[in-house]
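Working notes for the structure below.
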2 protein chains.
Amino acid sequence: MAQQTEAVRRAPLSRDRVLRAAVALADEIGIEALSMRKLAQQLGVVPMALYKHVANKDQLLDGMVDVVVGEIDPPAPESDWKSAVRQRILSARRALLGHSWAAQVVQSRARPTPVVLAYMDSVIGMFRTGGFSVDLTHHVMHALGSRMLGFTQELFDASPSPDPEAQAVVVPADAGKFPYVTELAMAVAHDEESVVGQGCDDQFEFEFALDLLLDGFERLRQQGWTSATPSGEKTA
Amino acid sequence: MAQQTEAVRRAPLSRDRVLRAAVALADEIGIEALSMRKLAQQLGVVPMALYKHVANKDQLLDGMVDVVVGEIDPPAPESDWKSAVRQRILSARRALLGHSWAAQVVQSRARPTPVVLAYMDSVIGMFRTGGFSVDLTHHVMHALGSRMLGFTQELFDASPSPDPEAQAVVVPADAGKFPYVTELAMAVAHDEESVVGQGCDDQFEFEFALDLLLDGFERLRQQGWTSATPSGEKTA
DNA sequence: ATGCATGGTGTACGGCGTACACCTGCGGCC
DNA sequence: GGCCGCAGGTGTACGCCGTACACCATGCAT
């Protein structure tokens with residue numbers, strides 16, 4: 001009986017189960033509160049048990065990233081490179097945004113896991129088959145940076161805060177010190193009346209910058225850009 | 001005597017001294033190894049003494065960012081907005097690159113400090129006086145994101161590692177699995193023979209993407225872009 | 001029956017951030 | 001001169017963290 005209860009409570013535990021539980025727990029309590037101890041507790045197990053399935057916390061985080069990257073849709077067959085890349089990146093964005101901690105964790109990883117590498121490989125492939133040279137593809141990938149996975153780390157966190165007071169970037173008293181920031185913030189706040197909810201429309205900002213880059217890429221591709229002809233110069 | 005030695009060892013300690021010591025220590029031992037305890041030790045003081053000068057570790061990190069941002073050159077008077085912005089951002093890059101931990105810490109801050117805000121204000125001002133509408137400036141700032149402070153978080157850390165083996169993104173055995181990554185990596189490795197040192201030329205990549213964006217901004221400005229006319233459409 | 005591998009357990013260590021009570025020395029005041 | 005207040009350095013302690021290491025339970029191959 002007690003045996004049975006135990007058996008029920010304890011599905012056998014595996015790397016996969018550990019990772020999925022970690023993702024769920026981080027979703028719930030936030031990444032900074034996620035600890036090996038709490039994760040173990042959640043799984044009804046002693047902390048050290050986890051170490052039979054992941055080498056250490058770093059590897060746990062790597063695995064969590066893999067889970068999220070695994071949620072990205074496979075590439076849809078598209079005619080032109082631009083819509084293929086665009087669609088894939090926006091899918092990545094959807095996956096990443098589903099886990100508020102994901103962007104931060106991705107950035108903290110020292111090296112890409114095979115899963116991330118596979119994703120990158122497929123994106124590189126889209127450019128190559130789209131007519132980009134190896135050289136241009138290389139620089140284009142760097143220019144994308146984290147945007148390739150659907151996020152840009154903003155300089156400050158615009159995520160909604162429970163306290164609307166704390167949301168204000170600049171308090172009224174400082175308005176005079178930062179005239180341009182204030183002007184901009186007020187203009188944005190005004191627009192909000194139509195958009196509902198405070199802050200900017202992150203999705204719009206993301207697509208704005210993404211399209212700006214993709215358009216730039218296309219322009220360079222068409223003019224046969226190479227490292228030897230910096231973007232400022234005109235090719236003959 | 002012993003008194004004197006103590007007096008010498010102990011300059012009076014202040015918020016500023018604490019922050020500068022923290023920056024120096026982080027430069028030396030890395031940000032992840034920086035702790036309140038080690039910082040106190042470095043200053044010849046007991047850990048809790050620091051709390052008379054900074055509220056907590058988060059505020060210490062905020063202060064460290066301020067020190068780095070304070071190293072950015074003031075804006076030089078320039079004729080056109082593009083070279084003004086470009087020059088300022090590249091100066092920010094110089095400052096940030098001087099402290100290997102800086103980019104990571106900047107990204108981890110929840111809200112901008114007044115010092116960071118002042119920097120942003122001056123960048124916004126360059127766009128506004130350069131003929132950008134409030135609307136376009138807003139989106140342009142988002143598009144810049146962390147690049148405004150001179151760095152882009154790459155998806156994986158390309159910083160030099162002591163072990164050249166560990167440097168390889170993809171080990172030979174996996175070459176078949178990631179054909180495009182491999183193709184690209186090999187092409188880059190080839191170029192390296194001329195550039196000396198492994199990895200890509202980060203400065204080139206940064207300027208490549210920066211110029212791509214700035215050129216895109218200029219194009220939008222010239223055509224009188226507004227939120228109502230997405231980048232894909234042609235304005236009349 | 002036996003031995004071995006797999007995986008969960010218990011204990012323990014060293015490090016962290018920091019709350020809180022305390023002490024000490026100095027400047028201003030009567 | 002005697003006193004007080006207060007800024008700033010101290011000591012102790014708590015609760016959390018990641019994880020090393022020795023142990024033990026189980027089930028399977030022999």
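Chain identifiers are assigned alphabetically (A, B, ...) following the order of the sequence lines, protein sequences preceding nucleic acid strands; residue numbering begins at 1 within each chain.
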Using atom types as modelled, flag every donor-acceptor pair under 3.5 Å from a side chain in residues 35-46 of chain B to any protein atom, sequence neighbours excluded.
| unit_1 | atom_1 | unit_2 | atom_2 | d |
| --- | --- | --- | --- | --- |
| B/S35 | OG | B/K38 | N | 3.1 |
| B/K38 | NZ | B/A33 | O | 2.9 |

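Scored by the side chain to side chain donor-acceptor pair (under 3.5 Å) test, A/T113 finds A/D66 as partners (sequence neighbours excluded). Under the salt bridge (Lys or Arg N to Asp or Glu O under 4.0 Å) criterion, A/D62 pairs with A/R109, not counting sequence neighbours. By the side-chain contact (heavy atoms from CB on, under 4.5 Å) test, B/Q107 is found to be paired with A/Q107, A/Q153, B/S146, B/F151, B/Q153, residues two or more places apart in sequence or in another chain being considered. Residues passing the side chain to side chain donor-acceptor pair (under 3.5 Å) test with A/H139, sequence neighbours excluded: A/D135, A/S227, B/E205. Residues meeting the salt bridge (Lys or Arg N to Asp or Glu O under 4.0 Å) test with A/R20, sequence neighbours left out: A/D16.
Applying the salt bridge (Lys or Arg N to Asp or Glu O under 4.0 Å) test to residues at least two apart or on different chains, the pairs with a partner in residues 84-106 of chain A are A/D73-A/R94, A/R86-A/E207, A/R86-A/D211. Annotation: salt bridge (Lys or Arg N to Asp or Glu O under 4.0 Å) contacts involving residues 39-53 of chain B, sequence neighbours excluded, are absent. Residue pairs satisfying the ring-ring contact (aromatic ring centres under 6.0 Å, His included) criterion with at least one member in residues 90-117 of chain A, sequence neighbours excluded, are listed as follows: A/H99-A/W101.
Nucleotide D/dC16 holds its P atom 17 Å from the CG atom of A/L39, rounded to whole Å. Rounded to a whole Å, the CZ atom of A/R17 is 13 Å from the C1' atom of C/dG7. When the C1' atom of C/dG7 is taken as reference, atom CG of A/L43 falls 14 Å away, rounded to whole Å.
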Next on the checklist: Set out, in order, the CA-CA distance, both residues' side-chain angles and the distance that settles side chain to side chain contact (heavy atoms under 4.5 Å, CB included) for A/F127 and A/F217, then state yes or no.
Outcome noted: CA-CA 10 Å; A/F127 284 109; A/F217 297 165; 4.0 Å; yes
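Remark: B/M48, B/Y51, B/N56, B/K57 in residues 47-62 of chain B come within less than 4.0 Å of DNA chain C through at least one heavy atom. Contacts between residues 24-36 of chain B and DNA chain C, defined by a heavy-atom separation below 4.0 Å, involve B/S35, B/M36, listed by number.
Between A/K38 and D/dC17, a side-chain N or O to OP1/OP2 separation shorter than 4.0 Å is present.
Between the side chain of B/S91 and the main chain of B/Q87, no donor-acceptor pair closer than 3.5 Å is present.
Between the base of C/dG15 and the side chain of B/R37 there is no donor-acceptor pair shorter than 3.5 Å.
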Under 3.5 Å, which N/O atoms of the protein pair with N/O atoms of nucleotides 24-26 of chain C?
none

